[in-house]
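Before any comments, here is the structure.
Source: prediction; values computed, not measured. A note on names: the letters A, B, ... follow the listed sequences, proteins ahead of strands, and every chain is numbered from 1.
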Amino acid sequence: MNYLDMTIVEMHHALIEGKTTPIELVREAIKRAKEDTNNAFELILEEQAIKEAETIGEPQPHNLLWGIPFVAKDNFSTKGYPTTASSNILNGFIPLYDATVIAKLRELKAIMIAKATLDELAMGGSGTTGHRGPTFNPYDRSHQRMIGGSSAGSAASVSAGIVPFALGSDTGDSVRKPASYAGLVGFKPTWGRISRYGLFPFAPSLDHVGVLARSVADATIVATAISGYDPNDATSSANPVPDDLHLVTSDVSGMRIAVIKAIVNSPHDKVIKQKFELLTSELKQRGAQVDLVSMRRDLLDAIYPIYITLSCAEATSNNANLDGIKFGPATWGATYAAAMMAARTKGFSELIKRRFIIGSYALMRENQAALFLRAQKGRGMIVAELKRILGHFDLILVPAAPSIAPRFIDKTDKLSEEYLIADNHLVLGNFSGFPSMTVPLGLKEGMPFGVNVMAKAFDERAVLKLALAVEEVTGLKSLMAKGGDTK
Amino acid sequence: MEKISIAVLKKAAHTLLLDMSEEEYALLQSEFDILLNQMDLIGNIKGIDDSAPMTFPFDVTTESMREDAPQDPTPVAEVLKNTGHVYADQVKLPKVVG
């Protein structure tokens, strides 16, 4: 086995024991990135990564991320390196500073080897709308299946074994849904745990930084390393980051787990349902209390419209600075407004413009009370309902997605009335800010699917405990798709 | 609520200083039929108008004051690298005031 195929902890031991070196790992990662056929990358940072690996200094036995290669979604600002969020309006933009999470990983001497592609401005869930075209699921050699989005390239690069972890962002489910389609662990800790300074905002009341990795332990190592208060982010939490999460075990005895009935009963693939039932009975055998619970149907039905209203409305203002003048492709006009109109009309794709217009419509004076304000109220009611459930339980456990990764021809980013609940419930974690993790649950026709775990705010410990138990029950750890085959 | 028409969609687009083709507006109009049906689901929530709006997941408050920390300003040349229009070491804008 190549050292790059190992978990972060295994790779770390190999580095410390001198069995491999950062430069070997980085060269191998870059070789694999160059051979990538899934359209995972915006930019491969070959020269920079090799230089960092060559000058990294002495091994650091207590720093698990020393010399570990990684990939960052291209909506994290990287000082001196182009950052486009896969939008033509940002072509050529070179940030003047690093996002906090990038700076933290640099300080820990993890080595960024590439910027990963994404749905344009992170506003999509298919991995098809970035300016470099669709990203393919590494498990499907025929390139007919998507990997999901918006953290498409991040998921593809970890799933394909190019790097052991990648940074993503998650506004609706953009880390946790691709994780399900790619056989990965996708983790977004509590809102405020990880600084968003330097992350291009989509909808800040919902945006989270997340991690994609091949095991619960790896995702935890990275998430813990990049968590913590950041004075540069006004929404950053000063709540102390636990330093003993590595001691969390898979013992779920006595744990109270809620399964939301309406979510598991909404349309799901039969195999997913069966695997989910097997998992819950196994958890019961391990001493966990697993109960089906009700959640108001009118609230569940409204999840997606609330999400689309709030996220599109927030996105309109957060992207108002993309004017093509201060940065991005140079345009000009007789007036500032004319120049901006030209840049934005040309620079945004059709999907993005549609989303902005939805947001603009929701914010019109005559619509605001009926749409935007009501969406905010609906969000409050949904979160109150989640808190009611979590008043009686430690965790909520549900399938992460209704199916394996869809084929491109079966799914578009246009609005759909199908799978209103099954395909959109992960946004509950964004509405509430609660910590949420997707873990592999099984495979069907060689394609992976996952299960999702969510706990109360700042109770990452509970999430990890159950996630470790799921990993143990399924045995699906360190999954990797290489040339379409599962390792 | 404003009834959906191509004119309303154009108004919403132009407010954001962007435009689309006629075909794209037509597609969006048809999409709005689905979207508005879905948005009705928000209005169908029992008790929606009696509840409080939620903006952020929870309050994040910082009670400590930090000391002022002097920092070097970003070099002008670095800032200007990102713009295509420069005049006298500044970003040149089209006419703003008529």
Interatomic spacing from [atom1] in [X] to [atom2] in [Y] - rounded to 0.5 Å:
X	Y	atom1	atom2	result
A:Ser432	B:Met54	OG	CE	7.5 Å
A:Gln376	B:Ile42	CD	CD1	11.0 Å
A:Arg355	B:Leu28	CZ	CG	12.0 Å
B:Phe32	A:Ile358	CZ	CD1	5.0 Å
A:Asp301	B:Gln38	CG	CD	10.0 Å
B:Glu24	A:Lys353	CD	NZ	5.0 Å

Checking [X] against chain B: side chain, backbone, both or neither under 4.5 Å from a heavy atom?
X	answer
A:Tyr97	neither
A:Met340	both
A:Arg296	side chain
A:Ala320	neither
A:Thr335	both
A:Asn430	backbone
A:Phe93	both

Under a 4.5 Å heavy-atom cutoff, which of [options] has the most pairs with chain B?
options	value
A:Ala234, A:Ser317, A:Ala334	A:Ala334
A:Ala337, A:Gly192, A:Pro231	A:Ala337
A:Leu310, A:Leu206, A:Asn367	A:Asn367

Could you look at [X] and say if it's the side chain, the backbone, both or neither that has a heavy atom under 4.5 Å from chain A?
X	result
B:Phe58	both
B:Thr74	side chain
B:Asp40	neither
B:Leu36	side chain
B:Asn44	backbone

Under the 3.5 angstrom rule, does the side chain of [X] hit a backbone N or O of [Y] as a donor-acceptor pair?
X	Y	result
B:Asn82	A:Ile94	yes
A:Arg344	B:Leu16	yes
A:Ser205	B:Phe56	no

With chain A as the partner, which of [options] has the greatest number of non-hydrogen pairs under 4.5 Å?
options	answer
B:Leu41, B:Val79, B:Leu18	B:Leu18
B:Lys46, B:His85, B:Lys92	B:His85
B:Thr55, B:Asp59, B:Leu80, B:Asp50	B:Thr55
B:Pro75, B:Ala52, B:Ser21	B:Ala52

If you count every heavy atom of other residues, nucleotides or ligands that lies below 6.0 Å from A:Lys326 atom NZ, does the total exceed 12?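 Correct, the count exceeds 12.
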Can you tell me which residue among B:Pro57, B:Ser51, B:Pro53 is in a side-chain contact (heavy atoms from CB on, under 4.5 Å) with A:Arg379?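 Only match with A:Arg379 under side-chain contact (heavy atoms from CB on, under 4.5 Å): B:Pro57.
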So B:Ile4 and A:Tyr361, side chain to side chain contact (heavy atoms under 4.5 Å, CB included) or not? Walk me through it. CA-CA 9 Å; B:Ile4 281 296; A:Tyr361 180 79; 3.4 Å; yes
Using a 4.5 Å cut-off on heavy atoms from C-beta on, say whether the side chain of B:Met39 contacts that of A:Ile306.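 No. Closest side-chain heavy atoms not under 4.5 Å.
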Does the side chain of A:Ile325 come within less than 4.5 Å of B:Pro94's, by heavy atoms?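 Of all side-chain heavy-atom pairs linking A:Ile325 with B:Pro94, at least one is under 4.5 Å.
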Restricting to non-hydrogen atoms, name the atom on B:Leu93 and the atom on A:Trp332 that form the minimum distance, rounded to 0.1 Å.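 Result for this residue pair: C-CH2, 3.3 Å.
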Under the side chain to side chain contact (heavy atoms under 4.5 Å, CB included) criterion, do A:Arg354 and B:Leu27 qualify, and how do the steps go? CA-CA 9 Å; A:Arg354 289 205 314 260; B:Leu27 174 66; 3.8 Å; yes
